[in-house]
Structure formats: C-alpha cells, structure tokens
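Okay, structure first, notes after.
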Number of protein chains: 2
Amino acid sequence: MAGLKQVQRQTGVALWRQIADRIREAIGTGAYDETGMVPPETVLALQFGVNRHTVRSALAALAQEGIVRAVQGRGTLIERKERLNFPITRRTRFTSGIGDQARETRGLLLDGATEEASAEVARWLGLKPGEQVVRLETLRHADKRPVSKATSWFPAVRFAGIGEAYRKHESITKAFAELGLSDYVRATTEVTAAHASTADLADLELTPGAILLIAKAMNTDLDGVPVQYSISRFAADRVQFTIEN
Amino acid sequence: MAGLKQVQRQTGVALWRQIADRIREAIGTGAYDETGMVPPETVLALQFGVNRHTVRSALAALAQEGIVRAVQGRGTLIERKERLNFPITRRTRFTSGIGDQARETRGLLLDGATEEASAEVARWLGLKPGEQVVRLETLRHADKRPVSKATSWFPAVRFAGIGEAYRKHESITKAFAELGLSDYVRATTEVTAAHASTADLADLELTPGAILLIAKAMNTDLDGVPVQYSISRFAADRVQFTIEN
DNA sequence: TATGGTTGTCTATATCAATAGACATTTTAG
DNA sequence: CTAAAATGTCTATTGATATAGACAACCATA
C-alpha cells in the first residue's frame, strides 16, 4: 500500500497539497464509504510516506473546503462527497443534464456585453471577424455549489436581448425560447483540461492547483445555423462528462 | 496586463510552477507565435507580479521539458508546441484518430495478465464479478512523444491471445481483427480530469502537478456485446478531445 | 565598435514546507 | 474507571521557495 499513492518531492507542488488532492479524489470515488471516515492520520502518514504533520496540513485544507471535519478522539469524518455527471449528446442542456442529480440548479449572469467577434468566435459562429456578438459570462450552481463558469457568444443580430432573457429565466434554453428559438442541438464539443485562472478559482470556490474540465461547444438551430459558441469551465473534482454514441 | 495572469501565493503550489503551467499553456494556444519567443524575463516578472528569479525557475522547468530553450543575449526560444486532437465518435480508434496528425504512432505493451474481473470491470463488460478478463497496460506514442497510457480489460474467454496480438500489431483494432473481430464501435465514453499518479507521470514524461484527461470507454461489437473496457490517461497539455454530434 | 537589451551567476535574507519528538485532550471500548 | 486510539498543540531544526540587488556574459544592431 505504501507505494500505491506515492507523492513526489521537489516538484513545486507541496506534499500536503498533493496528499489533499489524492484524498479528495479517493473520497469522491467512494474509497472510504464503508466507514464514512478518512483513515487515521498516522495510517495516512505511513501510506504516503510522510510525517503526520504533513498529513494534518492536507486534512486542514480539506476541512477548509468543507469536505471533511476532524473530531478529536474519534477521527476525521467525511462531510461532503459529490461528483455530478454531465451527459454530452446532440441534445445537451445544462439544466436538464444536471437537473435530475440536484435538487436545485441556478444560473447567474455575471456579465454581459455586445462586442465585435474575435477571429475564433467568428469562425465558430460562421460570422465575419468584427461582426457584432453578444457575450455572456454565466455561473451555474447545483444545490448552492458552483459547478461551472461559462463564456458564451451569440450573433447579436438575432439574439440582441438574450442577456436580459437569461437573467430572468436563468436558463439558456428558456432564453432562446423567449427570443423565438424553440429548439437547438449541440453540433461540436471540444474537451480539454487545464489549471484554473485566478478569477475562475474564486467564482468556482476552488483552491489553486485545482483542475478544470473545459468544454468548447457550438450549438446550432435545426437548420444547422450556429446560434451559440461557449467555453464552459467545470470543477474537475465535481463533474464528469459522459458521451453516449 | 498585470492582473490577467495572476498567480496565487501560499496555496501549496509554488509560484514558479504556476507560472510554468501558464506559460506552457500560452505557448500551446499560440500566444507567442508572432515572435516564436517567450517575452523577456523582466517582462514576465512584471506581468505575473513576481521576482525575475522566480520566472527563471519557471523557464528552467520548461527548458527541462524541452519546451523552450534560453539563449543568452537573445531571449528564450520556443522549441516545441503541440496539441493533438483526439476525436471521440462511434468509430473512435486511437491510431486513425491521431494518425493523420503525426508521422509515426506506436503502441507499447507495458504489461498483460489474465485475472478476475473487479466489480467495476464486470459491470462494464456485462460479466459476473470474478469472471476471467485479460488486462493490458499500454503506452501510446505519437512521433516518439508519449501521448496516452491506458488500462484495458477484455473478456478472457473470447480474447485470450489479445496481449500477444497487440504486441505484434501495436494496435487494438488489428489485434481484434486477428482474433476474428473485424469491426467494433464505441458505446460510451466518460471524461474526467485529475492529477497524474507517480507511475503515469514517469511513463508519460510529465512533471508533477501535470494534468491528465481521463477517458473511461466501453467498446462493443456490432451486436452490442461489450468487447473492451478501458481507462485511458492523456497528457492534458498535449491532447484535446473533440465530440461531434 | 559602442550601446541597449537579454540571459547567466552570485550573495544575502525572509518565509514556507517538511520532519521530528513530546505531550495534552477527547472519545470509544472494555 | 482505565486503556487504547485518535486528534490537538507546542518546540525545534532543516531544506525549499521567493525576494532583492549587483554585475558578468552574450547578442543584435545602429
């Protein structure tokens, strides 16, 4: 067991953070479900081959995140354990995709503006660079926990009022409907992973070193005309994608 | 500019590593393509709000990875810049997916064994827990650079000799063909992201703190019978997934 | 060839990360 | 009540991380 979950030294990532990441992941995969507790500090120290104080630093970080709670004399209890599944299909929608796994979902509009399309955005939306697009920054919650942060672009000519509509309905699907688009489909999704930027860390309530799953997606209407290009960032320890073919 | 790429202190992730990660990503997205060089150390230090020596530590790490090369008096040149695209479709195959983006692809068999199916493996392959499965550990290269490491399970009754066949052909598709399975399709793919384990770091030639894109995939034959369950780990800074719907 | 811009090297100092050991405090089980 | 097991707290020491400043070495170019 000692060699299984080893950590590396002198790599710029503190041991306590590597250990915290591994324990968080183990909790997420249900490794400690039998007891509902993390193994004792001395056992973890032995497993990871580090000093008990180093393990304590890791557990303190997890306690700060609200994932575990230490009780003197008893042990360290697991408080929260969640990994949502986000299906990616031709009919991908955030609310219905996550909705059946959470009691409450919310969509917050952080920022909205009309601006000129960058080369990348123009290419995805089939516009000329410089044409007007509406950009929305949105933050989506499931059961009061932030799940993803997204930047979306829409052709301004067709969807001028989408910012206000999103603020009202807290849903892209409903905002589209209000603007006369009753249905749309997911055309392409590109998935990458990266470290979170400072702004995303704060909004998603993550700690530095945390990982994001990034989905660049393009939706079209039923005629195949692009209606939305978006870059969504998901907290990787709270979400997984499922692609059904 | 100073605020855009900020880094965070006292988080268990050394500043030099955060900066190295950001520069590596910026190189990958083509931010410095105009000059083919990274900005001067003093400029980077100003942008990130750190001392020049800290930037030097970051650049030294990237030089170690072979991504940049510093030339005294001139600047720091970008040596290598790659991000492969891996399409996920009903007909997903590694070699043909990556093949058109690399001159040479290779598949190395690291380990192979026949063993009893765990609960997870049995569930995916439609077997009873404890039934025999063949497990293969494979490492896949594109142009001499390791791209992904995969653990695959196959029903042992049907694919007893697949280890030897893979070693010969360096391709799952060809190994299947030799064992009488001429075609197969991708049924389900689950995508997550996580920090790499020590063993994966070494095999994929990554530095700790590096991120993996993880695809759990299940392939079936044309009758819908599961033939393969695999967990593939990709170096996130070298690969992106594309899902076409 | 002189100058400005760039990377390379050195010294010094303060803080964070990790180890080590000892002992206190609390809970659970016997 | 007692003992074992677990977390909490304290002191001390070492090495890694980060800052600061000064100057050397090298390159391109005017």
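Below, chains carry the letters A, B, ... as their sequence lines are ordered, and counting in each starts from 1.
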B:Thr54 side chain N/O closer than 4.0 Å to the phosphate oxygens (OP1, OP2) of D:dT19? yes
Could you check whether A:Gln132 and A:Thr114, counting side-chain N and O atoms only, form a donor-acceptor pair closer than 3.5 Å? no
Expressed as a whole number of angstroms, how long is the span from B:Leu77:CG to D:dC27:P? 13 Å
Send over the distance from B:Leu15 CG to C:dA14 P, rounded to a whole Å. 19 Å
Treating B:Arg238 as the side-chain partner and B:Pro146 as the backbone partner, does any N or O pair qualify as donor plus acceptor under 3.5 Å? yes
In the structure I gave you, are the side-chain heavy atoms of B:Ile67 and B:Glu79 within less than 4.5 Å of one another anywhere? no
Spacing of B:Trp16 atom CH2 relative to D:dT19 atom P, expressed in whole Å: 14 Å
Distance-only, no hydrogens or angles: does the A:Gln18 side chain make a donor-acceptor pair with backbone N or O of A:Val13 under 3.5 Å? yes
Protein heavy-atom contacts under 4.0 Å, written 5' to 3' over nucleotides 4-9 of chain C as B (base), S (sugar-phosphate only) or - (none), form the string -BBBBB
Distance in angstrom units between B:Arg17 CZ and D:dA18 P, rounded: 11 Å
Any side-chain to backbone donor/acceptor pair from A:Ser230 onto A:Ser232? Under 3.5 Å, distance only. no
Any chance the rings of A:Phe241 and B:Phe241 have centres within less than 6.0 Å? no
Would you kindly give the CG-to-C1' distance between A:Leu62 and D:dT7, to the nearest whole Å? 16 Å
